[in-house]
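Worksheet: the structure to be examined is printed underneath.
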Amino acid sequence: MAANEPLPGTADIWEPETLDWIELENNARDVFHRYSYSELRTPIFERTDVFVRNLGNETDVVQKEMYSFNDRGGRSLTLRPEGTAGVIRAIAFRGLEQGDEARVFYFGPMFRGERPAAGRRRQFHQIGVEAVGNDSPWMDAECIAMLTQYLDQLGISGSRVMLNTRGLPADRPKISAALVEYFTPHAPAMCEDCQRRLSTNVWRMLDCKNPACHDIALKAPNIVDLLGDESRGFFTRVCQGLKDLGVSYELAPRLVRGLDYYIHTVFEVTHPGLGAQDALAGGGRYRIELPGGKKAVEGIGFAAGMERLLMARASLGLQTQPNAEADVMVLSLGDNALLPGLQLAQQLRLDCGGLRIKADFSGRSLKAQLRGANKAGAKVALIRGDDELAQGSVLCRDMTSSEQESVALSNLAAWLRGKLPTA
RNA sequence: GUAGCUGUAGCUCAGUUGGUUAGAGCGCCUGGUUGUGGCCCAGGAGGUCGCCGGUUCGAACCCGGUCAGCCACCCCA
């Protein structure tokens, strides 16, 4: 049995669950198209350096979570751990002229070698968007509004938009210095990680979840207060745009995020139905250097975890109801009826589109086949044995009322369409 | 990588202080009409008790290891 289990952190997804996934995808297409974003599909694996150069060599994702391997030519390849790097690579490959913009969305599997937990898989799926080639705060507001509209359309209520800014790179030394100055005297009382972060990455001390650290971080200097005029002005406009669009958000002065490329706006959307990993989606504005000395590209984007969207919906009781396996069941009695049964089912699929038609080739007793039809949720069972074959008719049984009538083969499609008007 | 909890039939789970052929409900199959489902009745199939080793006269139960799942830390989607 163990030999057939999927690998840790991976899963087989069956109907009706697949219907929920389709729901996620269809709504994404619907909403994002309205904002003039177009669908982009990039490869699931890339050269390893695509991710290393984009995410930053020091990030946890690059350091210890990537599924990397050498192909037969000895190149180092990596299963994508996130979507942005591949999208940026694709946009750069196609070429983006000055002043041009690209607005795209994508969805698909991502891979990270982490220890699985609630809401965290090794193969997980994201729906993401990227708007590249713009530097406007209004784009940030629109992007976040698009995300909340998507959540609304999925019926996911109760989520919270947490918003912060990291400012421009030029603001960072001043802010870092202020944070080091604040945290240094408190360091002995903080966790090991934070003591290390004091020299490696002070910003992360702001969102440490260790209770003692958290209390100390609460009184840390506010990033927004230390921003230069340009950064502050940018952030102010993002907030203003959101207010104007009626998107409610909360300022989260200690929200930092893990990837190096973020500038200005960073945000996360959390949901109470998720457990410890409570982020439904996260994103922000970024500036990414392209290889070959080309100008850096700037953009705004986010990624939402599909499994987490599903968890949030489930916590609200929003799972899709399973379809009946079949609307119509074709039952064949005796060996002579099997081939005609195959033909009949096929013909009905052509004549009555929209109906699910399943043929029973088991050769079992009528009783057993009817039991099967009942189990499949069929509304109509079409029964044919030697008698019906001889007469050129089909015995049509209404599985709900238990009434049945003999219908000539030539009238069957019309009879079915009348009986089950979804066709 | 670290900690806790869990692992018995297809599914959800019982299994008393270690004691013979390991149980229930649901599901499945067959029969109760030579060709008629659901409800009911009768019968039946199905389990190396995650795996390996140890203790013992004897292990689903105790001990060690290992694998897997869940959840948490971490990180984030």
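As a basis for the values below, the full set of heavy atoms in this structure was taken, side chains included, without hydrogen atoms, waters or symmetry mates. Just so it is clear, the model here is predicted, and its values are computed rather than measured. Each chain gets a letter, A, B and so on, in the order the sequences are listed, and its residues count up from 1.
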Checklist entry - When all nucleic acid strands are considered with a 4.0 Å heavy-atom cut-off, which category describes A:Leu280: base, sugar-phosphate, or nothing? => result sugar-phosphate
Next on the checklist: Pairing donors with acceptors under 3.5 angstrom, does anything connect the side chains of A:Gln153 and A:Asp30?
Outcome noted: yes
Next on the checklist: Within the 4.0 Å heavy-atom criterion, would you say A:Gly128 contacts the bases, only the backbone, or no part of the nucleic acid?
Outcome noted: nothing
Checklist entry - Hey, does the side chain of A:Arg257 come within less than 4.0 Å of B:A77's phosphate (OP1/OP2), counting only N and O? => result yes
Checklist entry - Should A:Arg204 be listed as having a side-chain N or O under 4.0 Å from OP1 or OP2 of B:C76? => result yes
Next on the checklist: Without decimals, in angstroms, what is the distance between A:Arg308 CZ and B:C75 C1'?
Outcome noted: 10 Å
Checklist entry - What is the distance, rounded to the nearest whole Å, between atom CE of A:Met329 and atom C1' of B:U36? => result 14 Å
Item to check | Nucleotide B:C75, atom P - distance to CD of A:Glu114 in whole Å | outcome: 11 Å
Next on the checklist: Any donor-acceptor pair under 3.5 Å linking the side-chain atoms of A:Thr84 with those of A:Glu130?
Outcome noted: yes
Checklist entry - Is a donor-acceptor pair below 3.5 Å formed from side chain A:Glu5 to base B:G50, judging by atom type as modelled? => result no
Checklist outcome for this item: Taken to the nearest whole Å, CZ/A:Phe267 to C1'/B:A77 is 12 Å
Next on the checklist: Of the listed nucleotides (B:C73, B:C29, B:G35), which one gets closest to any side-chain atom of A:Gln277?
Outcome noted: B:C73
Checklist outcome for this item: Among B:G69, B:U36, B:C75, the one nearest any side-chain atom of A:Pro8 is B:G69
Checklist entry - How is A:Glu403 classified with respect to the nucleic acid when contacts are heavy atoms under 4.0 Å: base, sugar-phosphate, or nothing? => result nothing
Next on the checklist: Looking at the base of B:C71, is there any donor atom on it, or on the side chain of A:Arg115, that sits under 3.5 Å from an acceptor on the other one?
Outcome noted: no
Item to check | B:U21 pairs with, by Watson-Crick or G-U criteria that keep both distances under 3.5 Å | outcome: none
Item to check | Test salt bridge (charged side-chain N to carboxylate O under 4.0 Å, His left out) applied to A:Glu142 and A:Arg103, A:Arg34, A:Arg237, the passing residue | outcome: A:Arg103
Item to check | B:C62 pairs with, by Watson-Crick or G-U criteria that keep both distances under 3.5 Å | outcome: B:G54
Next on the checklist: Using ring centroids (six-membered ring only for Trp), state whether A:His33 and A:Phe105 fall under 6.0 Å.
Outcome noted: yes
Checklist entry - Across the strands shown, which category fits A:Gln404 at heavy-atom distances under 4.0 angstrom: base, sugar-phosphate, nothing? => result base
Next on the checklist: For B:C5, give the paired nucleotide (Watson-Crick: N1-N3 plus N6-O4 or O6-N4; G-U: N1-O2 and O6-N3; both under 3.5 Å), or none.
Outcome noted: B:G69
Next on the checklist: Taking donor-acceptor contacts at under 3.5 Å, does the side chain of A:Gln369 reach the base of B:U36?
Outcome noted: no
Item to check | A:Leu366 side-chain proximity, nearest of B:G35, B:C71, B:C76 | outcome: B:G35
Next on the checklist: Students often get this wrong, so: under 4.0 angstrom with heavy atoms, is A:Gly283 touching a base, only sugar-phosphate, or nothing?
Outcome noted: nothing
Item to check | B:G44 pairs with, by Watson-Crick or G-U criteria that keep both distances under 3.5 Å | outcome: B:C28
Checklist entry - Think A:Arg371 has a side-chain N or O under 4.0 angstrom from the OP1 or OP2 of B:U30? => result yes
Item to check | A:Lys367 NZ to B:C39 C1', straight-line distance once rounded to whole Å | outcome: 12 Å
Next on the checklist: Quick check on RNA chain B: between A:Glu65 and A:Asn374, whose nearest nucleotide comes earlier from the 5' end?
Outcome noted: A:Asn374
Checklist entry - So what does A:Pro116 touch, heavy atoms closer than 4.0 Å: a base, only the sugar-phosphate, or nothing? => result base
Checklist outcome for this item: Taking B:G35, B:C71, B:C75 as options, the one with an atom nearest any side-chain atom of A:Ala117 is B:C71
Checklist outcome for this item: By nearest-heavy-atom nucleotide on RNA chain B, the more 5' of A:Ala304 and A:Leu274 is A:Leu274
Checklist entry - Which part of the nucleic acid does A:Lys375 contact within heavy-atom distance under 4.0 Å: base, sugar-phosphate only, or nothing? => result sugar-phosphate
Checklist entry - Does any donor atom in the side chain of A:Ser136 or A:Asn134 lie under 3.5 Å from an acceptor atom in the other side chain? => result no
Item to check | Nearest-angstrom distance, C1' atom, B:C51 to B:C67 | outcome: 7 Å
Checklist entry - In terms of ring plane angle, is the pair A:Tyr37 and A:Phe32 parallel, tilted or perpendicular, where the classes change at 30° and 60°? => result tilted
Next on the checklist: I need the OH-C1' distance between A:Tyr262 and B:C75, as an integer number of Å.
Outcome noted: 14 Å
Next on the checklist: Using a 4.0 Å heavy-atom cut-off, does A:Ala281 contact any base of the nucleic acid, only the sugar-phosphate backbone, or nothing at all?
Outcome noted: sugar-phosphate
Checklist entry - Looking only at side-chain N and O atoms, does A:Arg384 come under 4.0 Å of OP1 or OP2 in B:G35? => result no
Checklist entry - When all nucleic acid strands are considered with a 4.0 Å heavy-atom cut-off, which category describes A:Leu309: base, sugar-phosphate, or nothing? => result nothing
Item to check | Nearest listed nucleotide, side chain of A:Arg364, among B:C29, B:G35, B:A77 | outcome: B:C29
Checklist entry - Distance only, no hydrogens: is a donor on one side chain within 3.5 Å (strictly under) of an acceptor on the other, for A:Gln149 and A:Tyr35? => result yes
